[in-house]
Engineer: 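Supplied in structure tokens, the structure appears directly below.
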There are 2 protein chains.
Amino acid sequence: MAGTETTTRKGERTRALILETALDLFRERGYDATTMRLIAERADVALGNTYYYFRSKEHLVQAFYERVDDAQRVETAAALVHETDLKTRLRIVVRAVIEIMQPYHRFAGSLFRSAADPRSPLSPFGPESTEARRKGIPLLAEVVDGSKTWVPDDLRAELPRLLWLYQMGVVLFWIHDRSPEYVRTERLIDHTTEIVARLISLASLPVLRPLRRRTLRLLADLQVNELSLSNPV
Amino acid sequence: MAGTETTTRKGERTRALILETALDLFRERGYDATTMRLIAERADVALGNTYYYFRSKEHLVQAFYERVDDAQRVETAAALVHETDLKTRLRIVVRAVIEIMQPYHRFAGSLFRSAADPRSPLSPFGPESTEARRKGIPLLAEVVDGSKTWVPDDLRAELPRLLWLYQMGVVLFWIHDRSPEYVRTERLIDHTTEIVARLISLASLPVLRPLRRRTLRLLADLQVNELSLSNPV
DNA sequence: GTCTATAACCGGATAGAC
DNA sequence: GTCTATCCGGTTATAGAC
């Protein structure tokens, strides 16, 4: 038993080493220029060994996603405790993702490549990443719940998913942003968080009620099906 | 000169042959399973020759985009002539894209892979596809202009781009849609065209004016920069 | 169970001869 | 314009060492 533990620990160290090396290389040279052979060489392991721990190059990217997600939760926790303004809360969270990914900007581009393919295990919409969504969406729920803005119940139920989508949109924009220090993305975040927050407030207005109902009905409609697809019992 | 013409013509024939073969194969077996070697073999040309006409496998996809775009314009022209309802006009156009792409559903997934990568020449947001946008967006402008809905001038200027984005969103949804006969996408289109049309009507309401102004200002802001990036003089 | 070494397969891409 | 030969890198397979 001590033996297994030791080997397991060694295995974990090796796994971590490979991942660290891969992320370094991704950061330095992007996705394509980082060959599996290079990762193995730099980590001082055999090529076959990297495949022992990561079934494919894309699985290394999964690990990257998880990193970002964890970091986002950790790094926003403190700031969210004392903030009650919805717009500000949203901005804190969205800015955090961008800041965390910043060193990997180039890499993130090629990365989203696989993300857009529904048959890729890395697609954020596919069943394989149900867990990633499960981990990511609650943070957006917390953004809403911790704010002083009043949100009608029916909307509150769907809002986290919507905000998660919004966040994905911002990331997609940032990936294409070539402006110095990503000022365009900054601007986008500042304006859109304001717009989103206002929209949420306005949503309870009587004039907008039919629109809101219709939108929510659509979402519920689509959601049911998505869940039954993603979570076959 | 007759000589050049002949060779040119022959070149065009070969090019068309390769493209046709490639699209057939894409339709039959998807992107990955269609190897460049297979295309060459089936088209009865040498592997190197396909690279003579299409710099990369991805460039074959460019050709696919153009096909879809052209077909969309042709196939909606008649229906648009007599229709003045904004919602219906929008639905006609969006449905057309989906219908045209239908045989290529599997293929379209892997296709959007490259589309999401900003450094890929296929990214619909990148400078390389400025032309694709130039060709695609006017149809959405026509959707608005030909409708009886009154649209304030400031909004009218930005609307085509927004609707184009909306259309891209629908396509993205469809790509991930695994429901039989894509009923979920059908539903999405029916509901969202309604929602979009209502939003456009509501946009002129006084309550929504600040929101609209702010949104348009953001768009204009970002647009200026995008154009200066995409079209360096 | 963890790891090395090595060879091989496959497919996208390129070079250079004809 | 077209071909053959070759490179390169993701991935797989094997055989064996600790």
Side-chain angles (χ1 to χ4, degrees), chain A residues 1-22 25-26 28-63 107 110-111 113-114 117 119-122, chain B residues 1-19 21-22 25-26 28-64 107 110-111 113-114 117 119-122:
Chain A
M1 191 163 147
T4 354
E5 259 185 24
T6 314
T7 47
T8 298
R9 264 187 208 140
K10 190 183 178 194
E12 271 167 24
R13 267 207 316 279
T14 308
R15 190 193 153 85
L17 172 65
I18 292 171
L19 178 57
E20 249 23 80
T21 310
L25 284 169
F26 284 150
E28 289 170 22
R29 13 180 111 202
Y31 187 74
D32 284 338
T34 300
T35 70
M36 291 299 268
R37 286 167 175 83
L38 188 57
I39 296 171
E41 193 187 327
R42 189 120 132 197
D44 242 325
V45 297
L47 173 61
N49 204 14
T50 75
Y51 278 99
Y52 178 78
Y53 285 105
F54 297 94
R55 235 182 295 174
S56 77
K57 200 178 175 183
E58 293 197 336
H59 280 77
L60 281 163
V61 173
Q62 279 286 21
F107 169 55
S110 24
L111 180 156
R113 186 190 280 251
S114 0
D117 183 348
R119 262 180 319 296
S120 157
L122 299 183
Chain B
M1 191 162 144
T4 353
E5 260 186 22
T6 315
T7 48
T8 299
R9 265 189 208 138
K10 188 185 178 193
E12 270 167 25
R13 266 207 317 278
T14 308
R15 190 192 151 87
L17 172 64
I18 292 171
L19 178 57
T21 310
L25 285 168
F26 284 150
E28 289 170 22
R29 16 179 110 200
Y31 188 74
D32 285 338
T34 300
T35 70
M36 291 297 269
R37 283 167 176 81
L38 187 57
I39 296 171
E41 194 188 325
R42 191 121 132 194
D44 242 323
V45 298
L47 172 62
N49 204 12
T50 75
Y51 279 96
Y52 177 81
Y53 286 104
F54 297 93
R55 234 183 295 173
S56 76
K57 200 178 174 183
E58 295 197 335
H59 280 77
L60 281 163
V61 173
Q62 279 285 20
F64 172 73
F107 168 55
S110 24
L111 180 156
R113 187 190 277 251
S114 0
D117 183 348
R119 262 179 321 295
S120 157
L122 298 184

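Chain A is the first sequence line, chain B the second, and so forth, proteins listed ahead of strands; every chain is numbered from 1.
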Engineer: Within this structure, what is the CD-to-P distance between E12(A) and dG1(C), rounded to whole angstrom?
Structural biologist: 15 Å
Engineer: Figure out the CZ/P separation between R29(B) and dG11(C), and round it to whole Å.
Structural biologist: 10 Å
Engineer: The side chain of L47(B) lies closest to which of these nucleotides: dT2(C), dA13(C), dT12(D)?
Structural biologist: dA13(C)
Engineer: Ring-plane angle category for F107(B) and F64(B), please: parallel below 30°, perpendicular beyond 60°, tilted otherwise.
Structural biologist: perpendicular
Engineer: Just N and O in the side chain of S56(A): are any of them under 4.0 Å from OP1 or OP2 of dG10(D)?
Structural biologist: no
Engineer: Closest to the T35(A) side chain: dG9(D), dT4(C), dT14(C)?
Structural biologist: dG9(D)
Engineer: Using whole Å, report how far OH of Y52(B) lies from P of dT4(D).
Structural biologist: 17 Å
Engineer: Round to the nearest Å and state the distance from I39(B) atom CD1 to dA13(C) atom P.
Structural biologist: 10 Å
Engineer: Measure from CZ on F54(A) to P on dG10(D) and round the result to the nearest Å.
Structural biologist: 15 Å
Engineer: Starting the side chain at C-beta, find the nucleotide from dG1(D), dA13(C), dT4(C) nearest to A46(A).
Structural biologist: dT4(C)
Engineer: Given dG11(C), dT2(D), dC3(D), identify the nucleotide with an atom nearest to the side chain of V45(B).
Structural biologist: dC3(D)
Engineer: Identify, between G48(A) and T34(A), the residue whose nearest nucleotide on DNA chain D lies closer to the 5' end.
Structural biologist: T34(A)
Engineer: Is the phosphate of dG12(C), meaning OP1 or OP2, less than 4.0 Å from a side-chain N or O of K57(B)?
Structural biologist: yes
Engineer: For the atom pair CE (M36(A)) and CG (L25(A)), what is the distance rounded to the nearest 0.5 Å?
Structural biologist: 11.5 Å
Engineer: With nearest nucleotides of DNA chain C determined for R37(A) and D44(A) from heavy-atom distances, which residue corresponds to the more 5′ nucleotide?
Structural biologist: D44(A)
Engineer: What distance separates Y53(B) OH from L60(B) CG, expressed to the nearest 0.5 Å?
Structural biologist: 13.0 Å
Engineer: Apply the side chain to side chain contact (heavy atoms under 4.5 Å, CB included) test between V45(B) and each candidate in T14(B), T21(B), I39(B); give the one that qualifies.
Structural biologist: T14(B)
Engineer: So which heavy atom on K57(A) is nearest to which on Y31(A), and how close?
Structural biologist: NZ-O, 2.9 Å
Engineer: Could you give the CG-to-P distance, from N49(B) to dG12(C), as a whole number of Å?
Structural biologist: 16 Å
Engineer: Measure the distance from CE on M36(A) to C1' on dT4(C) and round it to the nearest whole Å.
Structural biologist: 16 Å
Engineer: If I take atom OH in residue Y53(B) and atom C1' in nucleotide dC3(D), what distance separates them, rounded to the nearest angstrom?
Structural biologist: 13 Å
